[in-house]
Asker: 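Structure incoming, see below.
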There are 2 protein chains.
Amino acid sequence: MTTPAPVSAGSRRLPHPPREEIRLETVLQALSDPMRLSIVRELAAGGDELSCSHFDLPVTKSTTTHHFRVLRESGVIRQVYRGTAKMNGLRTDDLDALFPGLLGTVLDAAGRQAARLGG
Amino acid sequence: MTTPAPVSAGSRRLPHPPREEIRLETVLQALSDPMRLSIVRELAAGGDELSCSHFDLPVTKSTTTHHFRVLRESGVIRQVYRGTAKMNGLRTDDLDALFPGLLGTVLDAAGRQAARLGG
DNA sequence: GGACTACTACGATAAGCATCGTAGTACGGC
DNA sequence: GCCGTACTACGATGCTTATCGTAGTAGTCC
């Protein structure tokens, strides 16, 4: 018993809602914030394992943490620690099972709007 | 000049955002409220011309007015006066042009969730 | 162990929003 | 013109939330 249970990179556990507790209204609300929608767009585009520090958002670190927590607690993203970094990925499987096509259509809509407004 | 411009049922004009000003984030936020989502579901199911008083929501009239205004100002519904009644309809054409499939997918997701949770 | 990195927790603040009650306006019918 | 119906506008209230700064924790590397 030198160390009771090292657990290494898993000691910091993050609470995720199980699939059956994910609510549509909460997901929509999570996606309705411009900052969070851009995070989700970047996650969808840039593969599925991005660290928090990869995102360069025009807010402080505290606020970034807040937005990632909202996304995680709504069931939109999954977060795991890997060393000092926290890796983020979309819960595509769960969302597609619950709300088929929703994530895709929202991402498509966001892309169209960005193309229309941003150039 | 008996009457300068009677306008009859059109004197009370309601401000609607033009199609090109409808923003995805605003639409998602409008749909993220349970009360408003149920209004939209009922509009989608019950044809497209329902008066405000048709809805029996567990809130006061003032609050109902507020929710309908949020839906109108976000671009989700269209409202016109017809006599003393105010008729409501989804802006399906505009939404489908801007965000193809979005409204349908959200309504489908809401239906699935209702079936899963409500029975 | 000590320094550095990455992220978090907590408290504060200011803005937003869902809700209500009351008072008021527009329209239709008598 | 008068009354009832349908909806609105306004102000208040209490809750949620987006933001920040500071202080702190967990992990990596030397």
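Values reported hereafter were calculated over all heavy atoms of this structure, with side chains retained and with hydrogens, waters and symmetry mates removed. Numbered from 1 within each chain, the chains take letters A, B, ... in sequence-line order.
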Asker: Take the protein atom CZ of A:R13 and the nucleotide atom P of D:dG27, then report the distance between them rounded to whole Å.
Answerer: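 So the two atoms are 11 Å apart, to the nearest Å.
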Asker: What is the distance, rounded to the nearest whole Å, between atom CG of A:L50 and atom C1' of C:dC7?
Answerer: 16 Å
Asker: Report yes if a side-chain nitrogen or oxygen of A:S53 is closer than 4.0 Å to either non-bridging phosphate oxygen (OP1 or OP2) of C:dC7; otherwise report no.
Answerer: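 For C:dC7, OP1 or OP2 has a side-chain N or O of A:S53 closer than 4.0 Å.
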Asker: Whole angstrom is fine here: how far is it from CG in B:L14 over to C1' in D:dA9?
Answerer: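 Spelled out: CG on B:L14 to C1' on D:dA9 is 13 Å.
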Asker: So does A:R82 get a side-chain nitrogen or oxygen closer than 4.0 Å to the phosphate oxygens (OP1/OP2) of D:dG27?
Answerer: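 A:R82 to D:dG27 OP1/OP2: no side-chain N or O under 4.0 Å.
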Asker: Quick one: list whatever passes salt bridge (Lys or Arg N to Asp or Glu O under 4.0 Å) with A:D96, sequence neighbours left out.
Answerer: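 By the salt bridge (Lys or Arg N to Asp or Glu O under 4.0 Å) rule, A:D96 matches no residue at all.
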Asker: Would you say B:R69 places a side-chain N or O within less than 4.0 Å of OP1 or OP2 belonging to D:dC7?
Answerer: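 Checking D:dC7 against B:R69, no side-chain N or O comes under 4.0 Å of OP1 or OP2.
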Asker: Can you tell me which residue pairs pass the side chain to side chain donor-acceptor pair (under 3.5 Å) test with a partner in residues 27-38 of chain B, sequence neighbours excluded?
Answerer: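 Sorted result for residues 27-38 of chain B: B:R36-B:H67.
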Asker: Between the protein and nucleotides 1-4 of chain D, list the N/O to N/O atom pairs that are separated by less than 3.5 angstrom.
Answerer:
none

Asker: With ILVMFWY side chains joined below 4.5 Å, transitively, what does A:V70's cluster contain besides itself?
Answerer: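 Cluster partners of A:V70: none, it stands alone.
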Asker: Send over the distance from A:H54 NE2 to C:dT5 P, rounded to a whole Å.
Answerer: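 Whole-Å distance recorded here is 19 Å.
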Asker: Return the value, rounded to whole Å, for the distance between atom CG of B:L57 and atom P of C:dA18.
Answerer: 14 Å
Asker: Classify A:S51 by what it touches in the nucleic acid, base, sugar-phosphate, or nothing, heavy-atom distance under 4.0 Å.
Answerer: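 Since only primed, P, OP1 and OP2 atoms lie under 4.0 Å of A:S51, the category is sugar-phosphate.
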Asker: If the sugar-phosphate is the primed atoms plus P, OP1 and OP2 and the base is the rest, what is the B/S/- string for nucleotides 14-21 of chain D, using protein heavy atoms under 4.0 Å?
Answerer: ---SBBBB
Asker: Could you name each residue pair satisfying salt bridge (Lys or Arg N to Asp or Glu O under 4.0 Å) that touches residues 68-79 of chain A, not counting sequence neighbours?
Answerer: A:R78-A:D93, A:R78-A:D94
Asker: Residues two or more places apart in sequence or in another chain: which of them pass side chain to side chain contact (heavy atoms under 4.5 Å, CB included) with A:R23?
Answerer: A:E25, A:T26, B:Q113, B:L117
Asker: Please give, in whole Å, the distance from C:dG16 P to B:E25 CD?
Answerer: 16 Å
Asker: Using modelled atom types and a 3.5 Å cut-off, is there a donor and acceptor pairing between side-chain atoms of A:H16 and backbone atoms of A:Q79?
Answerer: yes
Asker: Rounded to the nearest angstrom, tell me the gap between atom CG in A:D56 and atom P in C:dA6.
Answerer: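 Spelled out: CG on A:D56 to P on C:dA6 is 13 Å.
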Asker: Without decimals, in angstroms, what is the distance between B:L71 CG and C:dC17 P?
Answerer: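 It is 13 Å, rounded to the nearest whole Å.
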Asker: Once side chain to side chain contact (heavy atoms under 4.5 Å, CB included) is applied, do any residues pair with A:E21, and if so which ones, sequence neighbours excluded?
Answerer: A:P18
Asker: A:V59: what forms a side chain to side chain contact (heavy atoms under 4.5 Å, CB included) with it, not counting sequence neighbours?
Answerer: A:M35, A:L57, A:T63, A:T64
Asker: Verify, without hydrogens or angle tests, whether A:R82 (side chain) and A:S51 (backbone) share a donor-acceptor contact under 3.5 angstrom.
Answerer: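 No, because the side chain of A:R82 does not come within donor-acceptor range (under 3.5 Å) of the backbone of A:S51.
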